[in-house]
Amino acid sequence: HGAVVAELGESAATAARRMRDFRVGCVVVVRDARPVGILTDRDLALRVVAEGRDAEKTPVSEIVTYDATTIERDADIETAVRLMSDRGVRRLPIITEDGRVTAIVTADDLTVMFTTMLADLGTGIRDNVDAGESR
């Protein structure tokens, strides 16, 4: 799905409201439309709320997790799964050839996709198996 973004100079509160408004759990933090990090709802809870910081005065630059692992737009699903596994990340901003963020894929997205595929496979097997024939 499309990526919701935040700029480094924006406040934590602005980023949190954007997450709320778009019903997402993270924003891709960008500089000149190029991803530099990820900010999650968990980051906001731990780095702003739990530390008693003022969300309106705390810039995203102070709480973002830098060096987001990204994936190119033409990469396949296997590459996304391998990157998530190897890097221990749950979110991959998708970038264009010139490095601009265009979307994001999450572990939840992949789980839903794979679950749907397996359910479709199970339905196909169930509906097509002839009782007298083993396939």
Side-chain angles (χ1 to χ4, degrees):
H1 47 82
V4 179
V5 300
E7 298 282 340
L8 288 167
E10 290 182 323
S11 72
T14 298
R17 285 188 291 269
R18 193 165 296 135
M19 287 182 203
R20 177 201 62 205
D21 294 347
F22 286 93
R23 297 179 182 189
V24 295
C26 74
V27 291
V28 179
V29 179
V30 297
R31 179 185 300 124
D32 299 323
R34 288 172 173 77
V36 296
I38 298 279
L39 180 66
T40 67
D41 47 7
R42 185 171 191 271
D43 293 331
L44 291 167
L46 298 179
R47 297 176 185 165
V48 179
V49 177
E51 293 180 11
R53 299 174 78 164
D54 183 338
E56 293 292 350
K57 293 181 181 174
T58 302
V60 166
S61 62
E62 291 182 8
I63 56 172
V64 62
T65 300
Y66 285 98
D67 297 324
T69 300
T70 61
I71 189 167
E72 293 187 9
R73 187 169 39 187
D74 60 353
D76 58 26
I77 299 296
E78 291 81 12
T79 301
V81 171
R82 188 175 63 253
L83 270 173
M84 285 182 181
S85 177
D86 290 351
R87 306 276 173 88
V89 298
R90 298 179 48 81
R91 299 162 180 90
L92 292 174
I94 300 170
I95 56 171
T96 60
E97 298 76 27
D98 64 353
R100 294 178 183 274
V101 66
T102 184
I104 190 167
V105 63
T106 68
D108 290 348
D109 295 333
L110 296 177
T111 299
V112 169
M113 184 190 73
F114 290 138
T115 301
T116 301
M117 290 171 68
L118 287 172
D120 290 347
L121 175 61
T123 300
I125 291 170
R126 183 196 65 221
D127 292 348
N128 291 306
V129 169
D130 178 35
E133 180 181 335
S134 176
R135 292 183 187 214

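Checked by atom type and distance alone, the side chain of T115 pairs as donor or acceptor with a backbone atom of T111 at under 3.5 Å. In terms of modelled atom types and a separation under 3.5 Å, the side chain of T79 and the main chain of A75 share no donor-acceptor contact. Not one N or O on the side chain of R87 forms a donor-acceptor pair closer than 3.5 Å with the backbone of A68. For T14 (side chain) and E10 (main-chain N/O), no donor-acceptor pair under 3.5 Å exists by modelled atom type.
For the residue pair D43 and I63, the shortest heavy atom distance occurs at CB-O, 4.3 Å. Counting all heavy atoms, side chain and backbone alike, D41 lies closest to M19 at N-SD, 3.9 Å. In plain terms, the two heavy atoms of V27 and A6 that are nearest each other are CG2-CB, 3.8 Å. Scanning both residues, A55 and S11, for their nearest heavy atoms gives O-CB, 3.6 Å. Of all non-hydrogen atoms in T106 and R91, the two that sit nearest each other are CG2-CG, 4.1 Å. Across V30 and V101, no two heavy atoms sit closer than the pair CG1-CG1, 3.7 Å.
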Start with the C-alpha distance between V28 and I38, add both sets of side-chain angles, then the distance that settles side chain to side chain contact (heavy atoms under 4.5 Å, CB included), and finish with yes or no.
CA-CA 5 Å; V28 179; I38 298 279; 4.1 Å; yes
Side chain to side chain contact (heavy atoms under 4.5 Å, CB included), that's the test. Do E97 and R73 meet it? Break it down for me.
CA-CA 8 Å; E97 298 76 27; R73 187 169 39 187; 3.0 Å; yes
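Looking only at side-chain heavy atoms (C-beta outward), Y66 and L8 come within less than 4.5 Å of each other. Contact annotation: the side chain of L92 approaches that of L83 to within less than 4.5 Å [non-hydrogen atoms, C-beta and beyond]. A heavy-atom distance below 4.5 Å is found between the side chains of I95 and P35. Residues V105 and L110 form a side-chain contact, since some pair of their non-hydrogen atoms from C-beta on lies under 4.5 Å apart.
A salt bridge does not link R100 with D32: every distance from a Lys NZ or Arg NE/NH1/NH2 to an Asp or Glu carboxylate oxygen is 4.0 Å or more. Ion pairing of E56 with R17 is present here, as a side-chain N (NZ or NE/NH1/NH2) and a carboxylate O approach within less than 4.0 Å.
Tested against L44 for a side chain to side chain contact (heavy atoms under 4.5 Å, CB included), the candidates L46, V48, T40 yield a single pass: V48.
Linking ILVMFWY side-chain heavy atoms closer than 4.5 Å, directly or via other members, places M113 and M84 in a single hydrophobic cluster. By the criterion of side-chain heavy atoms lying less than 4.5 angstrom apart, applied directly or through intervening Ile, Leu, Val, Met, Phe, Trp or Tyr residues, V89 is grouped together with I77 in one hydrophobic cluster.
The local environment of CZ in R42 is sparse, with at most 12 non-hydrogen atoms from other residues, nucleotides or ligands closer than 6.0 Å.
The line from CD of E62 to CD of E51 is 10.0 Å long, rounded to the nearest 0.5 Å. Distance check: R47 CZ to R53 CZ gives 10.0 Å after rounding to the nearest 0.5 Å.
In this structure F22 satisfies the side chain to side chain contact (heavy atoms under 4.5 Å, CB included) test together with V4, R18, V24, sequence neighbours excluded.
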